[in-house]
Amino acid sequence: MTIIIPDEIKYMLSVLSAAGHKAYIVGGCVRDALMAREPKDYDVTTRAHPEEVMRLFSADKVIDTGSKHGTVTVIHNGTHIEVTTFRKDANYSDGRHPDSVSFSDSIEEDLSRRDFTINAMAYSETDGLIDPFDGRSDIALGLIRTVGDPNARFSEDALRILRALRFSSALGFDIEEKTKEAILSRKKDIEERVSKERIQKELEGILLGEHAEKVLREYSDVIGIAIPEIIPMVGFDQKTPYHIYDVWEHTIRVVGGMPKDSVSRLAALFHDIGKPSSFLQGEDGVGHFYGHPEVSYAMADSIMRRLKFDNATREEVIALVRWHDLRPELTDKAVRRVITKVSPELFDKWIAIKKADNRAQSPMVSDRMEQIEEIEKIGHRLIEEEGALSLRTLNISGRDIMSLGINEGPIVGKIMNLLLEEVLEEKIGNNREELIERAKTIIENA
């Protein structure tokens, strides 16, 4: 078996080998190459200690990214290559990090400390594939299996529980039965031992996987440890002819129907999260969810703050959640108002969630898809012809309002918003002279 190695990586391996050190590509790049997937990056592992690696590659740029743990990064021809010394770990007292790391002379010992068999393989052109835990067989079987005892692996680092779900989502692999049992029995360790930032990263990876629906469906109770707010959604009967699925199954299908980017998939995950707490059942037995977009918006905002999402991502997600249920008439005025609320930049994502939401409802509302597509056409035309109509593009400024004798303060913003509202309603045009005259009238009548 031969794996094609890029020239930059061959250079790294040859320099280390010429100095008498065993060196291999390792981990995910080997797994991806065996699956005929293009590796995103390459990691190198070697018997050479960090100080020796830095000496050997002194002609290149070398960054000390964690030499006390055996890792340095070499930059060769603009390519960043992480080089790590063979290691063996001590105990994991905190369930996150090894108490200490010592170096090893054995590639097999280094591979034994890794999480899953499919990630515990190494390769060099000299020695071929090093696969002491049958990772290649598990790739053929489509299985995620821990290296050794799964309870021991997850007790060392509870993040591996979410990593298992992420690999299952990305690769479409099943999780081996004993590994699955350990995940379910140790799932509470996620809450107790994993940082919010690490949960966030793995959650995004799960959602972006080609097989995200499968993982969300099979491991809702594990995802629910990371986000407890989803648990009430699971099995929640909507009791309405407009929905044939419970809230969680509907949500899963909306996630799967969205583009594979973080904002789209997170918005899909959260769009109906407020439904269980908004539920009212009428005398006729039909369920209603009055105000659920606002409830979902507030919950999504709280969850994303808790999980330390960056502000830009959070604000886009909660905007889509807040406005996902808007149903404008098929007029320029109505669609223009939607664009202003959602923002032109998010309009396509808003359309995507409308479509995915509709597909995951009852066939009796499938006719709404034609309306959504017409809204999409109107919206694209308006954006192309008019651009973004917002306070920023209103042809009057706060300074103009103050020049009319208004002191700086909240009243300026109120007048600006009223003017924008009237422009959107097509009561006045978006030209400076007309806006100033209307502002004068508002001030006189205040």
Side-chain angles (χ1 to χ4, degrees), residues 196 199-200 203-204 206-207 212-213 216-217 220 223-240 242-259 261-281 286-328 337-338 340-343 345-362 365 368 372 375:
K196 302 304 183 186
I199 290 173
Q200 175 219 113
L203 174 65
E204 286 189 87
I206 291 166
L207 291 175
E213 288 185 66
L216 292 174
R217 190 172 289 116
S220 58
I223 305 294
I225 297 295
I227 307 176
E229 292 89 342
I230 73 165
I231 296 301
M233 301 166 71
V234 180
F236 194 100
D237 186 350
Q238 303 198 58
K239 297 186 183 300
T240 168
Y242 303 120
H243 281 277
I244 59 175
Y245 304 113
D246 66 59
V247 177
W248 183 236
E249 180 61 28
H250 166 76
T251 295
I252 289 170
R253 290 169 180 264
V254 177
V255 169
M258 290 294 281
D261 65 83
S262 292
V263 169
S264 296
R265 295 250 161 144
L266 285 162
L269 182 69
F270 295 138
H271 82 286
D272 277 352
I273 200 166
K275 270 194 167 181
S277 59
S278 305
F279 177 72
L280 288 173
Q281 190 168 0
V286 175
H288 303 278
F289 301 92
Y290 300 117
H292 85 270
E294 286 291 333
V295 178
S296 298
Y297 154 79
M299 291 175 69
D301 186 48
S302 175
I303 292 165
M304 294 187 75
R305 289 179 187 274
R306 185 176 73 230
L307 294 181
K308 313 293 185 184
F309 279 89
D310 65 273
N311 288 336
T313 299
R314 178 179 56 79
E315 288 171 3
E316 290 189 356
V317 169
I318 63 175
L320 290 171
V321 171
R322 185 177 193 177
W323 305 119
H324 79 272
D325 209 33
L326 291 176
R327 297 174 190 173
R337 290 177 65 83
V338 170
T340 300
K341 287 181 177 180
V342 175
S343 86
E345 294 77 16
L346 287 178
F347 182 71
D348 283 340
K349 286 183 170 60
W350 180 80
I351 288 290
I353 202 169
K354 294 291 291 182
K355 290 181 177 179
D357 197 7
N358 180 256
R359 292 190 193 100
Q361 295 175 8
S362 167
V365 295
R368 291 179 184 171
I372 296 169
I375 291 166

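Any value given below was found using the heavy atoms of this structure, including those in side chains, with hydrogens, waters and symmetry copies removed. Counting from 1, the numbers follow the sequence of the chain as shown.
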Contacts of S264 meeting side chain to side chain donor-acceptor pair (under 3.5 Å) (sequence neighbours excluded), chain-then-number -> D261

Is a side-chain donor or acceptor of T251 paired with a backbone partner of V247 at a separation under 3.5 angstrom?
yes

Heavy atoms of S220 and I230 approach each other most closely as O-CD1, 3.8 Å

Among E204, Q200, E316, the one residue meeting side-chain hydrogen bond (donor to acceptor under 3.5 Å, both in side chains) with S262:
E204

To the nearest 0.5 Å, tell me how far I199 CD1 sits from I227 CD1.
9.0 Å

List the residues meeting salt bridge (charged side-chain N to carboxylate O under 4.0 Å, His left out) with R368, not counting sequence neighbours, and say none if there are none.
none

For D301, all residues meeting side chain to side chain donor-acceptor pair (under 3.5 Å), sequence neighbours excluded:
R305, R314

Report the relative orientation of the aromatic rings in H288 and Y290; use parallel for angles under 30°, tilted for 30 to 60°, perpendicular for over 60°.
parallel

Work out which heavy atom in G257 is nearest to a heavy atom in R359; give both atom names and the distance.
O-NH1, 4.4 Å

Taking only residues two or more places apart in sequence or in another chain, which ones pass salt bridge (charged side-chain N to carboxylate O under 4.0 Å, His left out) with R327?
D325

Look only at the side chain of T313 and the backbone of D310, and say whether a donor-acceptor pair between them is shorter than 3.5 Å.
no

Any residue meeting side chain to side chain donor-acceptor pair (under 3.5 Å) with Q361, in chain and number order, not counting sequence neighbours:
D357

Over all atoms of both residues, closest heavy-atom pair of S277 and V295
OG-CG1, 3.6 Å

Find the distance between CH2 (W248) and CD1 (I231) and round it off to the nearest 0.5 Å.
8.0 Å

Would you please test K349 and V342 for side-chain contact (heavy atoms from CB on, under 4.5 Å) and show each step?
CA-CA 10 Å; K349 286 183 170 60; V342 175; over 6 Å; no

When rounded to the nearest 0.5 angstrom, what is the spacing between CE in M299 and CD1 in I303?
5.5 Å

Please report the closest heavy-atom contact between P228 and R306, naming both atoms and the distance.
CD-NH2, 3.8 Å

What pairs with E249 under side chain to side chain contact (heavy atoms under 4.5 Å, CB included), at least two apart in sequence or on another chain?
R217, Y245, D246, I252, R253

According to side chain to side chain donor-acceptor pair (under 3.5 Å), who are the partners of S278, at least two apart in sequence or on a separate chain?
none

Student check: side-chain heavy atoms of I375 and V338 closer than 4.5 Å
no

Going by ring-ring contact (aromatic ring centres under 6.0 Å, His included), name the residues that satisfy it together with H250, two or more places apart in sequence or in a different chain.
H243, H271

side-chain contact (heavy atoms from CB on, under 4.5 Å) between V286 and Q281, worked out:
CA-CA 6 Å; V286 175; Q281 190 168 0; over 6 Å; no

Could you check if a side-chain atom of H324 sits within less than 4.5 angstrom of a side-chain atom of P293, using non-hydrogen atoms only?
yes

Pair listing, salt bridge (charged side-chain N to carboxylate O under 4.0 Å, His left out) test, anchored in residues 263-272, at least two apart
D272-K275

Residues passing the ring-ring contact (aromatic ring centres under 6.0 Å, His included) test with F236, sequence neighbours excluded, are F279

Verify, without hydrogens or angle tests, whether S343 (side chain) and L346 (backbone) share a donor-acceptor contact under 3.5 angstrom.
yes

Going from CD1 on I372 to CD1 on I353, what distance comes out if it is rounded to the nearest 0.5 angstrom?
11.0 Å

Partners passing salt bridge (charged side-chain N to carboxylate O under 4.0 Å, His left out) against K196 (at least two apart in sequence or in another chain):
none

Point-to-point distance, once rounded to the nearest 0.5 Å, from CG of L307 to CG of L203:
7.0 Å

Under the salt bridge (charged side-chain N to carboxylate O under 4.0 Å, His left out) rule, collect the residues that match up with E315, sequence neighbours excluded.
none

Side chain K239, main chain L280, donor-acceptor under 3.5 Å
no

Just verifying a value: how many Å separate L320 CG and S296 OG, rounded to the nearest 0.5 Å?
13.0 Å

Where V317 and F270 come nearest, the two heavy atoms and their spacing:
CG1-CD1, 4.1 Å

Closest heavy-atom contact between L269 and V255?
N-CG2, 3.7 Å

Indicate yes or no for a side-chain donor-acceptor contact from W350 to the backbone of W323 under 3.5 Å, with no hydrogens or angles considered.
yes

